[in-house]
Amino acid sequence: MTSSEKSRLAVLVGAFVTVFLAELGDKTQLATLMLAAQSGHPWQVFLGAGAALMTSSLLGVLLGQWLGRVLPTNLVKQGAGALMVGLGLFFCVKFYAVL
C-alpha cells in the first residue's frame with residue numbers, strides 16, 4: 001500500500017469514526033428510533049435517515065472544500081471551533097430556559 005493510499009484510508013477511517021461517535025445518542029438518532037418504532041417500517045426509516053445524513057454530509061463536504069480553497073486552513077479551523085462553541089452555548093441557554 002502506497003503512502004497516498006494510506007493517507008486516503010486514514011482520512012476515510014477518521015471521518016467514519018468522527019461522524020459515528022458524534023451521532024451516537026444525539027437527537028437525530030433518537031428521532032430515527034421513534035420513527036422506526038411508530039411507523040413499523042424500520043428499513044424505510046433507515047434508508048430515509050441514511051439518505052438525509054449522506055445529503056447533509058455532502059453539503060458539509062462541498063462547503064468545506066470551497067472554504068478550504070478561499071480561506072487559509074487555520075482560519076477555517078478557528079471558525080469551525082468558534083461556531084461549535086457558539087452553538088453549544090446557544091443550545092445550553094435554550095435548554096436551561098426551558099427548565
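Remember, it's a predicted structure, so these values are computed and weren't measured experimentally.
At least one donor-acceptor pair under 3.5 Å links the side chain of Thr55 to the backbone N or O of Ala51. With hydrogens and angles disregarded, no donor-acceptor distance shorter than 3.5 Å links the side chain of Thr18 to the backbone of Ala15.
Hydrophobic clustering (side-chain heavy atoms under 4.5 Å, transitive across Ile, Leu, Val, Met, Phe, Trp, Tyr) keeps Met54 apart from Leu47. Hydrophobic cluster membership is shared by Phe16 and Leu21, with clusters built from Ile, Leu, Val, Met, Phe, Trp and Tyr side chains linked at under 4.5 angstrom. Linking ILVMFWY residues whenever their side-chain heavy atoms come closer than 4.5 Å, directly or via other members, leaves Leu83 and Leu89 in distinct clusters. If you chain together hydrophobic residues whose side chains sit under 4.5 Å apart, Val70 and Leu63 fall into the same group. In the hydrophobic cluster analysis, where Ile, Leu, Val, Met, Phe, Trp and Tyr join through side-chain heavy atoms closer than 4.5 angstrom, Trp43 is grouped apart from Leu35.
In this structure, Leu87 CG and Met84 CE are separated by 6.5 Å, a value rounded to the nearest 0.5 Å.
Of the candidates Val76, Thr73, Leu62, Leu67 forms a side chain to side chain contact (heavy atoms under 4.5 Å, CB included) with just one, namely Val76.
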